[in-house]
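Take a look at the structure set out below.
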Amino acid sequence: MTVAIDSDKLMGFVFKAVDEVGATLNAALVVMGDRLGFYQALADHGPSTPAELAERTSTDQHYTREWLNAQAAGGFVEYDASTGRYTLPPEQTVAMTDPNSPAYLPGFFQIALGTVQHTTETIEAARSGAGVGWHEHTSDVHVGCERFFRPSYNANLLSSWLPALDGVVAKLERGAKVADIGCGHGASTILMAEAFPKSRFTGSDYHQASIETARQRAAGLGERVTFEVAAADQFSGSGYDLVTTFDALHDMGDPVGAARHVREALAPDGTWLLVEPMAGDHVEDNLNPVGRAYYGFSTLLCTPASLSQPVGLALGTQAGPARIQDVTTAAGFSRFRTVAQTPFNLVFEVRP
C-alpha cells in the first residue's frame, strides 16, 4: 500500500533529528567544558569573550569560541551580540558548577558519554544475546555514575530517606551493623559512616577498581568502615540491622538471588533500604524526559551489565515498583513500601 506522506510532519521530524544530533554532541561538549574549567571560569568571572575564557583556562581561543557558540545555541549559556560576551546564567551555574547541589549535572553527561563509547560492543552483544559488564566500560561510566548520584544522596539520604524508615535512625545512633551492597566508590557508605560514628559499615561491590577507590576515600574512618570485593549474592557477614542498595539492583544478573542473600544476612528485625531509578510500572508511565534517559541507559549500560552475569534477569533501569516488589517477595520478604521519591529515584523500605 502507498502511504501518503505529510511533508510538514516529515520536515518536523527531520529538524527534531537535527536537534538530537546536537544533543548527542553536547554530551561531549559538556564533559569538555567541565574538564577544561570553562563553566567554572564563566561562573567566577561573569560575562566573557572567547579570548578571555581561553586566557583564564589556559586553552586556545579557537576552541573556546566554537564551544561557547555551541553552548549558546543549546541554551546552556547566553550570548549578548552587542558586547560579544557569553554569560552562564545563575541556574546553569548551580547545575554545572555546584557539586553540593542535587541539581548538579556534569556527572550525568560524563556517564552518558562513557556509555556511548561502547556502542559497538553493545551492538554485537544485541546480536548474540550476550552482555557487556560494568567492569568493561571506561572510567567515565564509573566516575560519572558517582558524580551524578552522589549529590542526590548527599541531599536526601540523611535528611529524608533514612528518617522515613521505621526505627532505623535510632538504631544507627545507638550503634548498628550496616551493609551497603553495590557500593561503587563508597559515597553512600562513607556518608552514613560520617553521620553515625557508633555504627559499623561494610561496603561491597564486584568491581575491584571501585572498591580500591572506596578504600582510599574511607582511610580516615578507621575500622568502622570496611570494603570488600564481592558479588551481591556473596557479601560477607550476618545479623545486619540495615542493608542498603543504591541504584544497583536492576544492574544485577540475579537480583532475586541477591535479595535472598540480603534476607539471610539481615537481623530478624532488620531493614533493607532499596533505592532504584524513578519509574512507573507501565511503559506509558515512563514516556517522559527522565524515562527516556533511563531507557537509553538501560539499553546501552544496565541491561547489558545484567546479561553479562549469571542468570541475566535483565530487570531494566525502568523496572518499576511492582517488578521490584516481585523480586523481594520471591526472596522471602513480606513487607514492601515506598517511603520517598525524587525526580530521579524511588526509595523503598523492605522488611522480613
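Below, all heavy atoms of this structure are taken into account, side chains as well, without hydrogens, waters or symmetry copies.
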Spacing of CD1 belonging to I123 relative to NE2 belonging to H118, to within rounding of 0.5 Å: 13.0 Å
Side chains of L242 and L162 in contact at under 4.5 Å (non-hydrogen atoms): yes
Exercise: identify the closest heavy-atom pair between V77 and P89: CA-CD, 4.2 Å
T244 and F201: CA distance, side-chain angles, deciding distance, side-chain contact (heavy atoms from CB on, under 4.5 Å) verdict: CA-CA 10 Å; T244 59; F201 298 82; over 6 Å; no
Any donor-acceptor N or O pair under 3.5 Å, side chains S188, D180: yes
Atom CD of E66 with >12 non-hydrogen neighbours under 6.0 angstrom: yes
Flag, side chain of N345 to backbone of T342, donor-acceptor distance under 3.5 Å: no
Side-chain donor or acceptor of T115 paired with backbone N/O of I111 under 3.5 Å: yes
Exercise: do Q71 and N26 side chains pair donor with acceptor under 3.5 Å: yes
Whether F108 and F148 hold their rings parallel, tilted or perpendicular, with breakpoints at 30° and 60°: parallel
Basic-acidic side-chain contact under 4.0 Å: E276, R323: no
Heavy-atom side-chain proximity of N286 to Y294 below 4.5 angstrom: no
Short side-chain to backbone donor-acceptor contact, D34 and P106, under 3.5 Å: no
Point-to-point distance, once rounded to the nearest 0.5 Å, from CE of M252 to CD of Q309: 8.5 Å
ILVMFWY cluster, L36 and L105 together (side-chain gap under 4.5 Å): yes
pair P310-D254: side-chain heavy atoms closer than 4.5 Å: no
Ring centroid separation F246 to Y153 under 6.0 Å: yes
Over 12 non-hydrogen atoms of neighbours within 6.0 angstrom of CZ in R292: no
Residue pair N154 / N100, side-chain donor-acceptor N/O under 3.5 Å: no
E264 side chain to S238 backbone, donor-acceptor under 3.5 Å: no
Heavy-atom closest contact (Y104 atom, R147 atom, distance): OH-NH2, 2.8 Å
Pair E212-Q208, side-chain donor/acceptor within less than 3.5 Å: yes
A193 versus L221, closest heavy-atom pair with distance: CB-CD1, 4.0 Å
Considering all heavy atoms, the nearest I190-R217 contact: CD1-CB, 3.6 Å
Donor-acceptor under 3.5 Å (E136 side chain, G133 main chain): yes
Output field: ring centroids W272/F336 closer than 6.0 Å: no
Step-by-step side-chain contact (heavy atoms from CB on, under 4.5 Å) determination, L68 to L42: CA-CA 10 Å; L68 284 164; L42 289 168; 4.1 Å; yes
Exam field: side chain S334 to backbone P352, donor-acceptor pair closer than 3.5 Å: yes
Under 3.5 Å: donor-acceptor pair, side chain of T328, backbone of Q325: yes
Heavy-atom donor-acceptor pair, H250 side chain to P255 backbone, under 3.5 Å: no
Minimal non-hydrogen separation, P321 against A279, with atom names: CD-O, 3.4 Å
Linked, directly or transitively: W161 and M192 (ILVMFWY side chains, under 4.5 Å): yes
Contact summary for E146 and A187, nearest pair of heavy atoms: OE2-CB, 3.3 Å
Under 3.5 Å donor-acceptor, T64 side chain and Q61 backbone: yes
Intermediate values then yes/no, side-chain contact (heavy atoms from CB on, under 4.5 Å), E52 and H45: CA-CA 10 Å; E52 290 168 342; H45 298 281; over 6 Å; no
Cluster overlap L113 with V132, hydrophobic side-chain contacts below 4.5 Å: no
Salt-bridge criterion met for D166 and R351 (N-O under 4.0 Å): yes
Common cluster, F235/V256, ILVMFWY with side-chain heavy-atom separation under 4.5 Å: yes
Pairwise side-chain contact, D247 with V275, heavy-atom cut-off 4.5 Å (strictly under): yes
Short N-O contact, E124 and R127, less than 4.0 angstrom: yes
Y79 and Y86 aromatic ring geometry - parallel, tilted or perpendicular at 30°/60° bounds: tilted
Under 3.5 Å: donor-acceptor pair, side chain of S199, backbone of L172: yes
Any H142 side-chain heavy atom under 4.5 Å of H207 side chain: yes
Sub-4.5 Å side-chain heavy-atom contact between Y39 and L88: yes
Evaluation steps, side-chain contact (heavy atoms from CB on, under 4.5 Å), between F344 and S152: CA-CA 9 Å; F344 295 105; S152 182; 5.9 Å; no
Linked, directly or transitively: V347 and L191 (ILVMFWY side chains, under 4.5 Å): yes
Validation row: W134, L301 side chains within 4.5 angstrom (heavy atoms): yes
Steps toward salt bridge (charged side-chain N to carboxylate O under 4.0 Å, His left out) verdict (K171, D269): CA-CA 11 Å; K171 289 182 181 180; D269 62 344; 3.4 Å; yes
Aromatic ring proximity Y63/F38, centre distance under 6.0 Å: no
Distance in Å, E228 CD paired with D205 CG, rounded so as to fall on 0.5 Å steps: 10.5 Å
Contact check, side chains of V21 and V18, non-hydrogen atoms, under 4.5 Å: no
